[in-house]
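Working notes for the structure below.
Values below: all heavy atoms of this structure, side chains included; hydrogens, waters and symmetry mates excluded. Letters A, B, ... are given to chains in the order of the sequence lines, protein chains preceding strands, and every chain is numbered from 1.
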There are 2 protein chains.
Amino acid sequence: MLTKSSTELVRQQNSALVLAALRRAGNLSHTEISAETGLASATVSVITAELEKAGVLAKAEQQVQGGRGRPRVLFTPRRDYGHLVVVRISSDIVQYSLIDYGGTLLDRFDETRNHGERGTVPFARAFVDALERLLQRSRLERDRVLAVSISSKGLVDSAAARLLWSPVFGREELDFAALLAPQWRAKVMLSNETLLVAQALAAQAERKPEGGFRALAAISLGHSIGLGVARKSQSGDMDVSAPNFGHMLHAPSAGLCRCGAYGCIEAAAGFYGILRAAFEVPADTIPAKFVPVAELDKIAASARQGHRMAGYAFRQAGIALGNGISRMLSLYERMPVHVTGPGIRYFDLMLPGIEEGLAQSMQVRLQGAPEISVVPDEQRLVFEGHLERALGAIDADIATTGLS
Amino acid sequence: MLTKSSTELVRQQNSALVLAALRRAGNLSHTEISAETGLASATVSVITAELEKAGVLAKAEQQVQGGRGRPRVLFTPRRDYGHLVVVRISSDIVQYSLIDYGGTLLDRFDETRNHGERGTVPFARAFVDALERLLQRSRLERDRVLAVSISSKGLVDSAAARLLWSPVFGREELDFAALLAPQWRAKVMLSNETLLVAQALAAQAERKPEGGFRALAAISLGHSIGLGVARKSQSGDMDVSAPNFGHMLHAPSAGLCRCGAYGCIEAAAGFYGILRAAFEVPADTIPAKFVPVAELDKIAASARQGHRMAGYAFRQAGIALGNGISRMLSLYERMPVHVTGPGIRYFDLMLPGIEEGLAQSMQVRLQGAPEISVVPDEQRLVFEGHLERALGAIDADIATTGLS
DNA sequence: TTCATTTTCTCGACTGTCGAGAAAATAATT
DNA sequence: AATTATTTTCTCGACAGTCGAGAAAATGAA
């Protein structure tokens, strides 16, 4: 409502609409696009012609036949219009993927993080090198890459593609935009990992025919705790954010967090927090850098056999999550919660605590507890979120840059 | 991004732009509108002509003179285009105001709430009667009222104008839209009181020339605790919400809240919570319905004279607020906090606790504590928020309904 | 009375969407 | 093999909106 509108903007909006419809459904005919977008057939003609001339779309060669009349000609995004690089940064590996504009994976490799080297400088060098290698392997020019989409756990300034705080680098900031600025013309995007999970789940929910999607939250359980929230704003577009949930204050009793503060949710519900509680280590002990999953599996096994402290540790983790979720719902609104991450193996042990932690709040008493469901396959969802977000951004770019 | 665009929509958007500019600045000339909105002079001509024909605008009679050339003719909203009713519901009184489309107050009266009568049914009757009386006093037809804007503390379904939970009626819902539905053609709007404070403050901040407004929070201290958040979304329009802050879980130690849950922020920081802590009443005591301000003034006086438990009570209230604010900032982002309400008389006593409560969180360590300022005159701000919101809604309606 | 100055108004060009019907391309029918 | 029916795509003219330029209007100064 702040900026003036014009006929050109109308065209941009409608072009974006066509691209979005095509992105959703793969390939559509002229009439299908018209039905999907609500645009008049004549308008679709003009827009597709323009996009075709710009090399964004092409008529698919294989025409599915069936009907009687004139055969429908399907439009598809041209896979060679451009490329997308996706980088998933996790604590142990960094995964580099090359994707074409059609959304199909062309190449992928992992690099194991060198835990000897600390700090952002060697990491940045390795990062730039790996991107270069990704290009070489597919004999791709650098300028064919339209976007580089990066994800990490932690706190992110997504507008500027700056990592503000992360489990791996702490407060050491890392500016990805500046890192690639001179050489790469690609749009550099940085997103919190759990935000991408929420984005992917929201996209799935929106595709469902029953419709009526309003909002959802994704929580990732692991060494650290992540939250992504996706909400449909009243203007109609999806609003995703990654609040600093893991380091939201839970209760001082949760003890020392690796961020340096006391009482974060993560300090109780992260793997190291559970470990600490189970072994009755003093709560102000400096947290372990890494907790092997095998270690937690052992605690879980003894909890399942009735060991008191082990059970207590998971219950406390659950309460921290339940309280945190209830606070989140107080500030937003009632919405389903999807739980992912390596920690879902212990979800059964945490659930009673979660329910206890939820039940304490007025929000839950008034509107009922949120639906909580477990979603496996976090990494796939993160990748899907990358595609959703980055290809969407590229499409939006195409629509706005006038297609000169 | 979900719906198609068209040239008519462009006109709507630009009409809304003109109305908003006029609303901001009172009355503007043709060229000033053009400068303010960025629209071409020719476009402004067409739009103003249309609005003038529809009776929304008029050329102001008094022409301010000064310059040399052709005198500028100012456009003003026509005050008699329609009317607006504002109803402020507070715990002791209900205030009814009649405002014209130009935003000037025409009539106002208060009704003291009858505390003998409980429940929504007698209230609803009194409400409808009072509106009728407001019309009669100004000899106004009911259909001249374009909007009825109501505010209350508590939890609100603003889309449906339903009060979901309030300090006065508890869980008894009250559907204002249904109450006025058959007789009144006016748009019925219901807003949380502190949301309106945030709206008013945000509007003030946006008017400032230095610009760069991003977000702010308003907190109202009193018998209950309210929060309003105003944020500029990336699409550019203002996004205000009233999270259920007062009943967000603080800590179980806060004791029984009048909502029935344990540990709400309000149970520690609301007037009755402070009273309870100061007098060392057990924390599970059922809260007092009303606490006279004189009572709290006495506690504050003894706290200022060094009385231990009185000081402790205010400190605990501050910690609850500080923790709550830090959690709010974790979920949104760093933003200035404005404190209003009758409780600001004790702000000096709470501030140390607030700072202590803030300091515990990672968010504050990382990005620094938010600016906290005290804003008196809550009631005026609520009223301003009403005008801002309701007149804006009317303007938006005018722009969208095609001006047939 | 004329001129300079400033504001408002008007006209034609341009961009965009839309509905209707023509054109195209195929399957079914004669 | 020719014709007809059917479905899809394409094209044309009408309509809505914005914009820049310049004409027209209205006033103070010369």
Side-chain angles (χ1 to χ4, degrees), chain A residues 3-18 22 27-53 57-76 399-404, chain B residues 3-18 22 27-53 57-76 399-404:
Chain A
T3 111
K4 71 169 180 179
S5 195
S6 64
T7 49
E8 285 93 25
L9 271 177
V10 170
R11 166 56 57 89
Q12 288 182 18
Q13 164 106 359
N14 287 341
S15 297
L17 209 60
V18 169
L22 228 46
N27 35 17
L28 296 172
S29 72
H30 185 107
T31 32
E32 285 167 325
I33 293 175
S34 171
E36 196 78 12
T37 58
L39 295 168
S41 162
T43 310
V44 175
S45 281
V46 180
I47 291 177
T48 49
E50 202 178 8
L51 289 172
E52 203 178 346
K53 209 175 75 193
L57 298 184
K59 291 175 174 138
E61 54 293 339
Q62 43 88 279
Q63 309 292 19
V64 188
Q65 265 321 320
R68 210 154 117 91
R70 178 169 173 172
R72 45 180 57 181
V73 25
L74 303 180
F75 286 100
T76 327
T400 49
T401 52
L403 296 170
S404 50
Chain B
T3 113
K4 70 168 180 182
S5 194
S6 64
T7 49
E8 285 93 21
L9 270 177
V10 170
R11 165 55 59 89
Q12 288 182 18
Q13 164 106 357
N14 287 341
S15 298
L17 209 61
V18 169
L22 228 45
N27 35 17
L28 296 172
S29 72
H30 185 109
T31 32
E32 285 167 324
I33 293 176
S34 172
E36 196 78 13
T37 59
L39 294 169
S41 161
T43 309
V44 174
S45 282
V46 181
I47 291 177
T48 50
E50 202 177 8
L51 289 172
E52 203 177 346
K53 209 175 73 194
L57 297 185
K59 290 178 174 136
E61 55 291 341
Q62 42 88 280
Q63 309 291 20
V64 187
Q65 263 323 319
R68 209 155 117 92
R70 177 171 175 171
R72 44 180 59 179
V73 25
L74 303 182
F75 286 100
T76 328
T400 49
T401 52
L403 296 171
S404 48

Exercise. Name all residues meeting the side-chain contact (heavy atoms from CB on, under 4.5 Å) criterion together with Ser41(B); count only those two or more places apart in sequence or in a different chain, and write none if there are none.
Key: His30(B)
Report each atom pair, protein N/O against N/O of nucleotides 18-22 of chain C, whose distance is under 3.5 angstrom.
from: dC18(C); atom 1: OP1; to: Lys4(B); atom 2: NZ; distance (Å): 3.0
from: dC18(C); atom 1: OP2; to: Ala40(A); atom 2: N; distance (Å): 3.2
from: dC18(C); atom 1: OP2; to: Thr43(A); atom 2: OG1; distance (Å): 3.0

Practice problem: Kindly determine whether Leu17(A) and Asn14(A) satisfy side chain to side chain contact (heavy atoms under 4.5 Å, CB included), including the steps that lead there. | Solution: CA-CA 5 Å; Leu17(A) 209 60; Asn14(A) 287 341; 4.2 Å; yes
Quiz prompt | Whole angstrom value for the distance that separates C1' of dC19(D) from CD of Glu8(A) | solution = 9 Å
Exercise. Measure from CD on Glu32(A) to C1' on dT9(D) and round the result to the nearest Å.
Key: 13 Å
Exercise. Kindly say whether Ala40(B) contributes a backbone atom to a donor-acceptor pair with the side chain of Ser34(B) at under 3.5 angstrom?
Key: no
Quiz prompt | Partners passing side-chain hydrogen bond (donor to acceptor under 3.5 Å, both in side chains) against Thr31(B) (at least two apart in sequence or in another chain) | solution = Ser29(B)
Practice problem: Keeping to residues at least two apart or across chains, list the salt bridge (Lys or Arg N to Asp or Glu O under 4.0 Å) pairs with something in residues 27-44 of chain B. | Solution: Arg24(B)-Glu36(B), Glu32(B)-Arg72(B)
Practice problem: Look at the side chain of Val10(B) and decide which nucleotide, out of dC9(C), dT9(D), dT18(D), has an atom nearest to it. | Solution: dT18(D)
Practice problem: Give the nucleotide from the list dT26(C), dT8(C), dT8(D) with an atom nearest to the side chain of Pro71(A). | Solution: dT26(C)
Each nucleotide N or O in nucleotides 3-6 of chain D that has a protein N or O under 3.5 Å away: list the pair and distance.
from: dT6(D); atom 1: O4'; to: Arg68(A); atom 2: NE; distance (Å): 3.4

Practice problem: State which of dT10(C), dA25(C), dG16(C) makes the closest approach to the side chain of Ser45(B). | Solution: dT10(C)
Quiz item: Can a side chain N or O of Arg11(A) be found less than 4.0 Å away from OP1 or OP2 on dT15(C)?
Solution: no
Quiz item: Angle, rounded to 10°, between the helical axes spanning five pairs at each terminus of the helix from dT1(C)-dA30(D) to dT30(C)-dA1(D)?
Solution: 40°
